[in-house]
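One structure is given here, and the rest of the page talks about it.
Both ligands and their constituent atoms are indexed starting at 1 by order of listing.
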Amino acid sequence: KVFVSALSFSRYSSEPRRLLEEQGLELILNDTGRPLTEVEMKEALRRWQPVALIVGVDPVTCEVMEVATQLKIIAKHGVGVDNIDIPAAQRQGIVVTNAPGSNAQAVADLAFGLLLACTREIILADRTTRQGRWDRFVGGEVWEKTLGIIGTGRIGLAVARRARGFNMRILAYDPRPNLEATSELGIVYTDLEKLLQESDFISLHAPLTEDTYHLINEGRLRLMKKEAILINTARGELVDEEALYRALKEGWIRGAGLDVFSEEPPVGSPLLELDNVVVTPHIGAYTREANLRMGLAVAKNILKVLRG
Ligand code: NAD
């Protein structure tokens, strides 16, 4: 049996599902329409005793793994594995896989979409025009501005490639700089402080780890330009949202585009009350193309591990 908690697994193509079923695996789907809680994950795994788990953002803690005595592989339907306790999986001999690169173009498109939506206030313009108003907002331009990329992995570099088309100056911060990117894309690596001080747009593409939790805090928001726009398509916890709220409300920075939140959905978050924030419901990887790539990677990872 394979337990599928990831809601969008094989959503736009039956191929990933077929690959698993052809090998005699039975798929049991999360039918709640939302990610499961830790308690629900435990219940499901205890009940079904799957050999493989296909997971989205649902928590896979040590306790969850302990009830699943047959489990051989946890396959992340995506890239970020911060919801999986990897050391615990290693102790229990469970393989953890993800689908690197499968959604980089999708997330980079959305990051740029949010960037443009913020700087030209496209969402607010749409809303007010529908209301019968004709408020002609004066926005800013992207052409030849400075973009600061935090985390130059697969998504960060895909964003940089798009930025080249806008003739942007690209600054980057990453503890493991990619030297090819420096020559190929003209990225200039710098320290975080300089990046924050000089960038017109700052886009986050680092994983959530102990080092990146609240990477963007009050002190760092205060370093940014008053005109700066912050884009977060990485993980909500990279940003201290309470400090971000004050930064946006009090005008330390101009705006923010957010696909991710420390709590999802961000019910009751004061950020949702601000007009200078554009929000989307963690849809960075939600394109038909990325969905198929992620699904195929997941199916192949599972088959590889189960075949030993
Ligand atoms: P990746 O592993 O290819 O790249 C991550 C990069 O971040 C690496 O270059 C790494 O060196 C760098 N990094 C690590 N610690 C850092 C730090 N402290 N400061 C700056 N950089 C640091 O991953 P990716 O495919 O580019 O994805 C990046 C993140 O985006 C994922 O971990 C995930 O959390 C998030 N993501 C979000 C969505 C979405 O739907 N919004 C979809 C996919 C991925």
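- Surrounding CD of Gln131 are more than 12 heavy atoms belonging to other residues, nucleotides or ligands, all under 6.0 Å away.
- At a heavy-atom distance under 4.0 Å, atoms from both the backbone and the side chain of Tyr173 approach ligand 1.
- In terms of N/O distances under 3.5 Å, ligand 1 is approached by Asp174.
- Those atoms of ligand 1 with a heavy atom of His282 less than 4.0 angstrom away are 39 (C), 40 (O), 41 (N).
- Annotation: atom 14 (C) of ligand 1 to nearest protein heavy atom, Pro207 CD, 3.6 Å.
- At a 4.0 Å heavy-atom cut-off, ligand 1 touches Thr152 through the backbone alone.
- Looking at Pro50 and Leu45, their side chains come closer than 4.5 Å, going by heavy atoms from C-beta outward.
- Counting heavy atoms of neighbouring residues, nucleotides and ligands inside a 6.0 Å radius, atom CZ of Arg120 does not exceed 12 of them.
- With ligand atoms numbered from 1 in the order given, ligand 1 contributes 7 (O), 20 (C), 21 (N) to contacts under 4.0 Å with heavy atoms of Gly151.
- Counting heavy atoms from C-beta outward, Met41 and Glu38 have side chains that stay 4.5 Å or more apart.
- Of the charged side-chain nitrogens involved, none lies within less than 4.0 Å of a carboxylate oxygen, so that Arg18 and Glu21 do not count as a salt-bridged pair.
- Classification of Lys145 and Glu141 as a salt-bridged pair fails, no side-chain N sitting under 4.0 Å from a carboxylate O.
- Any N or O atom pair closer than 3.5 Å counts here, and Arg176 shares no such pair with ligand 1.
- Remark: distances from the non-hydrogen atoms of Ala104 to ligand 1 are all 4.0 Å or more.
- Using a 4.5 Å heavy-atom threshold, the side chains of Val279 and Phe261 count as touching.
- Between the side chain of Asn291 and the backbone N or O of Thr287 there is no donor-acceptor pair closer than 3.5 Å.
- Using 4.0 Å as the threshold, Ala285 has a heavy atom nearer than that to some atom of ligand 1.
- Partners of His77 under the ring-ring contact (aromatic ring centres under 6.0 Å, His included) rule, at least two apart in sequence or in another chain, are Phe9.
- Of all the atoms in ligand 1, the ones that sit under 4.0 Å from a non-hydrogen atom of Asn103 are 42 (C), 43 (C).
- Of the protein's non-hydrogen atoms, the one nearest atom 42 (C) of ligand 1 is Val107 CG2, 3.3 Å.
- The single protein non-hydrogen atom nearest to atom 33 (C) of ligand 1 is Arg235 NH1, 3.7 Å, given as residue, atom name and distance.
- A side-chain hydrogen bond (donor to acceptor under 3.5 Å, both in side chains) with Gln105 is found for exactly one of Arg293, Arg154, Arg161, Arg162, namely Arg162.
- Distances between N or O atoms of Thr233 and those of ligand 1 include at least one value under 3.5 Å.
- Cluster annotation: Ile149 is not connected to Leu223 through the hydrophobic network of ILVMFWY side chains, with a link wherever side-chain heavy atoms come within less than 4.5 Å.
- For atom 20 (C) of ligand 1, the nearest non-hydrogen atom of the protein is Pro175 CD, 3.5 Å.
- The protein atom (non-hydrogen) at minimum distance from atom 2 (O) of ligand 1 is Arg154 NH1, 3.8 Å.
- A search for side chain to side chain contact (heavy atoms under 4.5 Å, CB included) contacts involving Gln23 returns Leu303, Arg307, not counting sequence neighbours.
- Of the heavy atoms in His205, only backbone atoms (N, CA, C, O) come closer than 4.0 Å to ligand 1.
- Looking at atom 25 (O) of ligand 1, its nearest protein heavy atom turns out to be Val79 CG1, 3.5 Å.
- Both the backbone and the side chain of Ile155 come within 4.0 Å of ligand 1, judged by heavy-atom distances.
- A salt bridge does not link Lys225 to Glu198: none of the charged side-chain nitrogens sits closer than 4.0 Å to a carboxylate oxygen.
- With respect to atom 4 (O) of ligand 1, the closest heavy atom belonging to the protein is Gly153 CA, 3.1 Å.
- For ligand 1 and Asp259, the ligand atoms under 4.0 Å from any heavy atom of the residue are 39 (C), 40 (O), 41 (N).
- When hydrogens are left out, the protein atom nearest atom 18 (N) of ligand 1 is Thr212 CG2, 3.2 Å; that is the closest non-hydrogen contact.
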